[in-house]
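Position 1 is the first residue of the sequence; numbering continues from there. Indexing begins at 1, ligand by ligand and atom by atom, following the structure's order. On a predicted model such as this, the values are computed, not experimentally measured, just so you know.
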Amino acid sequence: MRNRWMKNSFVYLLIIVAIIAIFFTFFPGRGSGTEVSISEVVAMAQSGRLQSIAVDGNSLSVRTKDGQEFSSRKEDGASVLEMLRDAGVDASAVEVEVRGSSGLSNIFGLLFSFLPLIFFGGVLLFMVRQAQGSNNQTMSFGRSRARMFVGNRPSVTFADVAGVDEAKEELQEVVEFLKYPERFLSLGARIPRGVLLVGPPGTGKTLMSRAVAGEAGVPFFSISGSEFVEMFVGVGASRVRDLFDQAKRNAPAIVFVDEIDAVGRHRGAGLGGGHDEREQTLNQILVEMDGFESSVNVIVLAATNRPDILDPALLRPGRFDRRVVLDLPDIAGRLKVLQVHSKGKPIDTDVNMEVVAKETPGFSGADLANLVNEAAILAARRSKKTVTFDEFGEAIDRVIAGPERKSRIVNHREKEITAYHEGGHALVGHLLPHADPVHKVSIVARGQMGGYTRFVPPEDRYLTTRAQFNDMLATALGGRVAEELTFGEITTGASNDLEHATRLARNMVTRFGMSEKLGPRTFGKREELVFLGREISEQRDYGDRVAEEIDQEVHAIIQAAHTAATELLTAHKAKLVQLARHLISHETIEGDALNKLLESEAPPLEAEVEPTPAD
Ligand code: ADP
Ligand code: MG
Ligand code: ZN
């Protein structure tokens, strides 16, 4: 904001100066009176009529003894005094006053000639400021941009974090350290310095650390690891120093380092050699943590979703030796998160949050918060007074697959193909014993997808068996198989499914040891190439012969799933047709209606049932 203001006032100043300069160039202060030639002035001087001559640059203001005023101009470089002397005039008889450089018009004339310089200077200054970002960093270069919440300390408390009771219990201890350090110190206990919050994105790590500060009523200093990785070497380290200085001055306090994996990776893992910015920043964090005296009550919380890549030095006793895991919430946890976020919103009485919680396996706390918000937005757009179950259902689909794209015009042929494709997924999933029950089938385009089938596990699952994997694979291929069987040709619509199936099969072989032929071992070491961002490289720890065997196994597993899906859909062709036709006319079917349709007796196939391929 400040920048914009400075920029604007600078531009205005420039315009004003330009106007004034132009004014003075075209209307120079000539004094008053009629203009006469220089020779007339000299003649006047010779006749002794002149009282004074004021010289201002090349313009002269002449005053006669009888009070008349004239103006005149002289040659550039010529001296009035010399001119008078040459004309035989006694110089002392005429007052000659040289105003020259002190004249107002000259100042502006000067400014005017510097105008281009000023202008380019301004442009340069502006560009430099732009490059440094909106924060006025020119002065505070290298200071931590830690945000402080002193005064209005975080008002978040444990009550705002739902469904992570174990984490809360562990962090309750930290709250007590901050509140009553004497208790622990008097018994000679060492207060822990660092607590690592570990969990997938959106599970409330940031929220939780603010809640700890809120519960303890202490200031909260936060900085994100990715902020450190900036332009100049050494800046990160000085930021860390500054951040900890601030925190120590305000102790008891919490320092929160978000995304610590961005600086805390295994040192030397990058391709950029050992002594890079990250390493210096990390070292500084370690130095600061080691340097705390036991009386200084500052506790460092750090968050990461990649604890496996952290430098072991960070995890040593006295550093981040405590770990609090925040996992994706289970069904009870999801219910609590939903309740926290629907507080204060007009939720209709028909909404059963337990059902919403059941239908959202794998959602993080952030997803659920987003879900409630989406539902409220939908209700507002539909001009409803309360948020009903309809909106929640639609919001779930939105969060998973993106908003509906009803505007996407689909020709009849494509609609038919999509109906059989999605019907194939749904039917195979329904028929296989180890696949999750199918909850909803829709051929309305969403996000990137042409259609979409949603399965809901009967309960949360943490382990997956080989039988479940196999059924998942068959379900994933069900869409393509349905296209093959119905139309005798295949489309590009299944490419996502194939990718998913291939990845699944490969993981079964190389990571979960689920191949009988290759046995219970893993193949390849996954590693993140630090320098290339999120790129994952796989280091081969096996030979070419094994590589070939892996490929064969992956192929065999996928082939078996394809065969299973083909057999099922061939045997239940009538059901597939019934489901697809329903989808073509109704677009979406879910819940009990879907179950009823799947369980019912399918109408017998007519002689010519196959939709005639368009030509
Ligand atoms: P993380 O830091 O783990 O990525 P955040 O703390 O930034 O996740 O969570 C993002 C948002 O998601 C929070 O602001 C909050 O609204 C919501 N959220 C996440 N987890 C929970 C939870 N357990 N209880 C309530 N809200 C949560
Ligand atoms: Mg976060
Ligand atoms: Zn599909």
Side-chain angles (χ1 to χ4, degrees), residues 154 156-168 171 196-214 222-227 256-262 301-307 324-330 332-343 357 363-373 399 401 417-429 438 441-443 445-446 448-455 472-484 490-501 565:
V156 185
T157 65
F158 280 162
D160 299 301
V161 195
V164 277
D165 296 334
E166 282 155 41
K168 272 191 224 172
L171 288 168
L196 195 62
L197 301 174
V198 178
T203 44
K205 298 182 291 296
T206 310
L207 185 70
M208 186 58 125
S209 57
R210 298 194 59 200
V212 171
S222 103
I223 195 156
S224 169
S226 52
E227 281 174 51
F256 178 58
V257 186
D258 209 351
E259 302 174 46
I260 196 171
D261 43 296
L301 300 184
T304 180
N305 51 359
R306 299 289 317 272
V324 174
V325 177
L326 291 163
D327 237 328
L328 290 176
D330 58 8
R334 291 198 296 273
L335 179 60
K336 286 186 199 149
V337 177
L338 285 167
Q339 281 162 347
V340 163
H341 285 279
S342 35
K343 212 178 285 160
F363 274 43
S364 68
D367 291 332
L368 292 167
N370 186 16
L371 168 72
V372 177
N373 190 44
V399 173
I417 294 175
T418 310
Y420 277 91
H421 179 107
E422 296 303 328
H425 283 308
L427 191 54
V428 173
V438 50
V441 196
S442 163
I443 58 166
R446 260 178 204 285
Q448 300 293 315
M449 300 183 224
Y452 134 92
T453 304
R454 179 146 61 85
F455 298 89
M472 265 187 231
L473 276 174
T475 307
L477 294 175
R480 180 191 160 105
V481 170
E483 288 183 43
E484 286 170 6
I490 45 192
T491 67
T492 53
S495 81
N496 266 346
D497 297 336
L498 298 184
E499 226 168 83
H500 174 66

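Side-chain contact check for Phe158 versus Leu171: some heavy-atom pair is nearer than 4.5 Å. Proximity of Thr203 to Val164: side-chain heavy atoms (C-beta onward) are nowhere separated by under 4.5 Å. Inter-residue side-chain proximity for Leu335 and Gln339 is flagged as met; some heavy-atom pair is nearer than 4.5 Å. Looking at Leu371 and Arg334, their side chains never come closer than 4.5 Å, going by heavy atoms from C-beta outward. Side-chain contact between Leu477 and Leu498: present, with at least one pair of heavy atoms (C-beta onward) separated by less than 4.5 Å. Side-chain contact check for Val324 versus Met208: every heavy-atom pair is 4.5 Å or farther apart. Leu328 has its side chain within reach of Pro200: a pair of non-hydrogen atoms, C-beta onward, lies under 4.5 Å apart. Proximity of Val337 to Phe363: side-chain heavy atoms (C-beta onward) are nowhere separated by under 4.5 Å.
Shortest contact from atom 26 (N) of ligand 1 to any protein heavy atom: His341 NE2, 2.8 Å. For atom 14 (O) of ligand 1, the nearest protein heavy atom (residue, atom name, distance) is Leu207 CD1, 4.3 Å. At the shortest separation from atom 2 (O) of ligand 1 among protein heavy atoms lies Thr206 OG1, 2.6 Å. Here the heavy atom of the protein found nearest to atom 10 (C) of ligand 1 is Ala366 CB, 3.9 Å.
The Zn ion (ligand 3) lies closest to atom NE2 when only the N/O/S atoms of His421 are considered.
Remark: distances from the non-hydrogen atoms of Gly202 to ligand 1 include one below 4.0 Å. Residue-ligand proximity: Asn305 is placed with every non-hydrogen atom at 4.0 Å or more from ligand 1.
Between the side chain of Lys205 and the backbone N or O of Asn305 there is no donor-acceptor pair closer than 3.5 Å.
When each atom of ligand 1 is checked for a heavy atom of Asp160 under 4.0 Å away, the hits are 24 (N), 25 (C). In the vicinity of Ala162, heavy-atom distances shorter than 4.0 Å reach the ligand 1 atoms 22 (C), 23 (N), 24 (N), 25 (C). Less than 4.0 angstrom separates some heavy atom of Val161 from each of these atoms of ligand 1: 23 (N), 24 (N).
Angle NE2(His425) to the Zn ion (ligand 3) to OD2(Asp497), rounded to 10°: 90°.
When Gly163, Gly204, Ala303 are checked for heavy-atom proximity to atom 5 (P) of ligand 1, Gly204 turns out nearest. Nearest-heavy-atom check against atom 21 (C) of ligand 1 across Gly333, Ser364, Ala167, Gly365 picks out Gly365.
At a 3.5 angstrom cut-off on N or O pairs, Thr203 counts as close to ligand 1.
Under 4.0 angstrom from ligand 1, the non-hydrogen atoms of Pro201 all belong to its backbone.
Taken to the nearest 0.5 Å, the OG1 atom of Thr491 stands 7.0 Å off from the NE2 atom of His421.
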